[in-house]
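Before any comments, here is the structure.
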Protein chains: 2
Amino acid sequence: MGGLAKGLAVIRAFTRDRATLNLSDVAALTEMPAATARRCLLTLEELGYVTRRGRQFVLRPKVLELGAAYLESMNIETLTKTHLEELAGSTGDSAALCVLDGFEIVYVARASIRTLMRLEAHVGSRFPAYATSTGRALLAGLAPERLQHYLDTATFEALTDRTIIDPLRLRQLIEDCRRTGYAAVEDELAYGVVALAVPVFDQYGRVVAALNSSSHSRRISKAKLVRERFNMLQKVSRQITADLAVVPGLSLSAIA
Amino acid sequence: MGGLAKGLAVIRAFTRDRATLNLSDVAALTEMPAATARRCLLTLEELGYVTRRGRQFVLRPKVLELGAAYLESMNIETLTKTHLEELAGSTGDSAALCVLDGFEIVYVARASIRTLMRLEAHVGSRFPAYATSTGRALLAGLAPERLQHYLDTATFEALTDRTIIDPLRLRQLIEDCRRTGYAAVEDELAYGVVALAVPVFDQYGRVVAALNSSSHSRRISKAKLVRERFNMLQKVSRQITADLAVVPGLSLSAIA
DNA sequence: AGAGTTTATTTCGATATGCGAAAAAGTGAA
DNA sequence: TTCACTTTTTCGCATATCGAAATAAACTCT
């Protein structure tokens, strides 16, 4: 069903720097012929997912229903309300729940108090797993062959001059995480971002998500973050595990 | 492009109560033949949007990329961080930014502190416009013919015994909102939910979104909500308007 | 205003998809 | 284990879509 694939690719062509796109833009970005892109856009327009202003197309809020289908089927609102908001409130910082998708982590829930953080992340945001606290916690939960595959095939790019990109070093850090139960990063994803993550297990003991608390390094050091928040995070992680036994969507979705 | 339409409908078939669906469920819910539903699911699986556990299909986090395309193209993260989190922090309650899509409001941004609220709402959630504070603020911004069309064609269902469903009363309330600059509701969408909303204008003076502060009626009365927060909301609304001049995605998307 | 360039739209034969019907596979109860 | 029922898969013809090329429309520059 090529049309479906192409239509989805059209939706994903819109980004912050490309809020409006004309037909040729869409065709170029999705690497499809103009006639096909046109058909996709016209169908999406008819269905209410995009609207047209002259020759520019722009996404409509109905697109959010697609993401919302995931959020609802994973019971994310309850997890956010019950656990993440409390964590954000207790720490005065951002709390997030992430899952692994391919080589990246995806934010599935987030609660935040005003922070000085420069990192823009919302539900659906994706970041490289190796450079994030949640990514390392998730990688630590992979089976050995899966982790090896990740280390063999991922592209490691330094995002800051502090980013660890050596596979051997990363393997060590991931192993440390497995042993200690947490992963902490500072200035690796972006300057000033400091974060502590713990794995979230499902009722069968598999790592299906990772929970983190992130802040600005001007506000708290990595060492202090670990000292003061590790227990808190573990406690919330266990609560989420209990919730996953009741509504197991995340557990089912995560394994691929 | 029927395949695209059908594929999108398949994604939207997953809900909180239907986190996993088998082929027949999907076919029934989307009212399409099993063979077509199967092809949709197989394509979505191949593209990474769903995964399969035996006969059950479940959404994967990649689906969030679709919603994220909208959030990014509308610059929602900046609006959330800059304005909504401050509002939530100042009030100790939920703050949300909504847009009108057909007969419903859609949550496009939300910031929340722990509240006693029973209303589960996240980005992408939709509620009937007539029963919500943001919906009334948005309806107040419609051209007269558009508003008349809404009142003539919408289905008004009482969600609580306090929900106003008489079109004449609603028209009056919407007119009041146009005059006073705000809309307040209590117990109309759900018991215990009290909310105050103001319109958000774009740089041309059109209403393109609505901003609200919502709480629990045990915590604050409607009258007090208006007295204490109206000015605050107007101020934030003006700030959002200034932001929309710079990144006009919401302005472009809202008009249909 | 006109020419040239770029972008959007349309056309149509080749190819892919849609879908109803039938076959195959799976499930649960006796 | 067998049987009845349900679900999934397969098949092949009818229909829809794809995409290269042609045409039309819009835009830019002098």
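Reckoned from all heavy atoms, side chains included, excluding hydrogens, waters and symmetry mates. Chain letters run A, B, ... following the sequence lines, proteins first and then strands; every chain starts at 1.
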[X] [atom1] to [N] [atom2], straight-line distance once rounded to whole Å:
X: B/Glu45; N: D/dT8; atom1: CD; atom2: P; result: 13 Å
X: B/Gln56; N: D/dT6; atom1: CD; atom2: P; result: 17 Å
X: A/Arg53; N: C/dA8; atom1: CZ; atom2: C1'; result: 19 Å
X: A/Leu4; N: D/dA16; atom1: CG; atom2: C1'; result: 15 Å
X: B/Glu46; N: C/dT17; atom1: CD; atom2: C1'; result: 14 Å
X: B/Leu42; N: C/dT17; atom1: CG; atom2: C1'; result: 14 Å

Checklist entry - What distance separates B/Leu42 CG from B/Arg39 CZ, expressed to the nearest 0.5 Å? => result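 Answer rounded to 0.5 Å: 9.0 Å.
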
Checklist entry - How many angstroms lie between OG in A/Ser125 and CD in A/Glu104, if you round to the nearest 0.5 Å? => result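 Going from OG on A/Ser125 over to CD on A/Glu104, the span is 10.5 Å.
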
Next on the checklist: Please classify the nucleic acid contact of A/Met1 as base, sugar-phosphate, or nothing, using heavy-atom distances under 4.0 Å.
Outcome noted: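 Since only primed, P, OP1 and OP2 atoms lie under 4.0 Å of A/Met1, the category is sugar-phosphate.
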
Next on the checklist: Considering every strand and a 4.0 Å limit on heavy-atom distances, what is the contact class for B/Arg55: base, sugar-phosphate, or nothing?
Outcome noted: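 Counting heavy atoms under 4.0 Å across all strands, the contact made by B/Arg55 is with sugar-phosphate only.
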
Checklist entry - If you find the nucleotide of DNA chain C closest to A/Asp25 and the one closest to B/Gly2, which residue's nucleotide is nearer the 5' end? => result A/Asp25

When you measure from the side chain of [X], which nucleotide among [options] comes out closest?
X: B/Leu23; options: D/dT8, C/dA8, C/dT9; result: D/dT8
X: A/Lys6; options: D/dG19, C/dA8, D/dT7; result: D/dG19
X: A/Pro33; options: D/dT8, C/dC19, D/dA20; result: D/dA20
X: B/Ala35; options: C/dG20, D/dG12, C/dT7; result: C/dG20

N or O in side chain of [X] less than 4.0 angstrom from [N] OP1/OP2:
X: A/Arg39; N: D/dT17; value: no
X: B/Thr36; N: C/dT17; value: no
X: B/Ser24; N: D/dT8; value: yes
X: B/Arg38; N: C/dC19; value: no

Checklist entry - Per the side-chain hydrogen bond (donor to acceptor under 3.5 Å, both in side chains) rule, which among A/Gln56, A/Arg52, A/Arg55 passes with A/Thr20? => result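 Running side-chain hydrogen bond (donor to acceptor under 3.5 Å, both in side chains) over A/Gln56, A/Arg52, A/Arg55 with A/Thr20 returns exactly one hit, A/Gln56.
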
Checklist entry - Do B/Asp101 and B/Arg126 sit within salt-bridge range, that is, some charged N less than 4.0 Å from a carboxylate O? => result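 The answer is yes: the pair qualifies as a salt bridge.
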
Checklist entry - Should the ring pair B/Phe156 and B/Tyr150 be called parallel, tilted or perpendicular, given that the plane angle runs from 0 to 90° and is split at 30 and 60? => result perpendicular

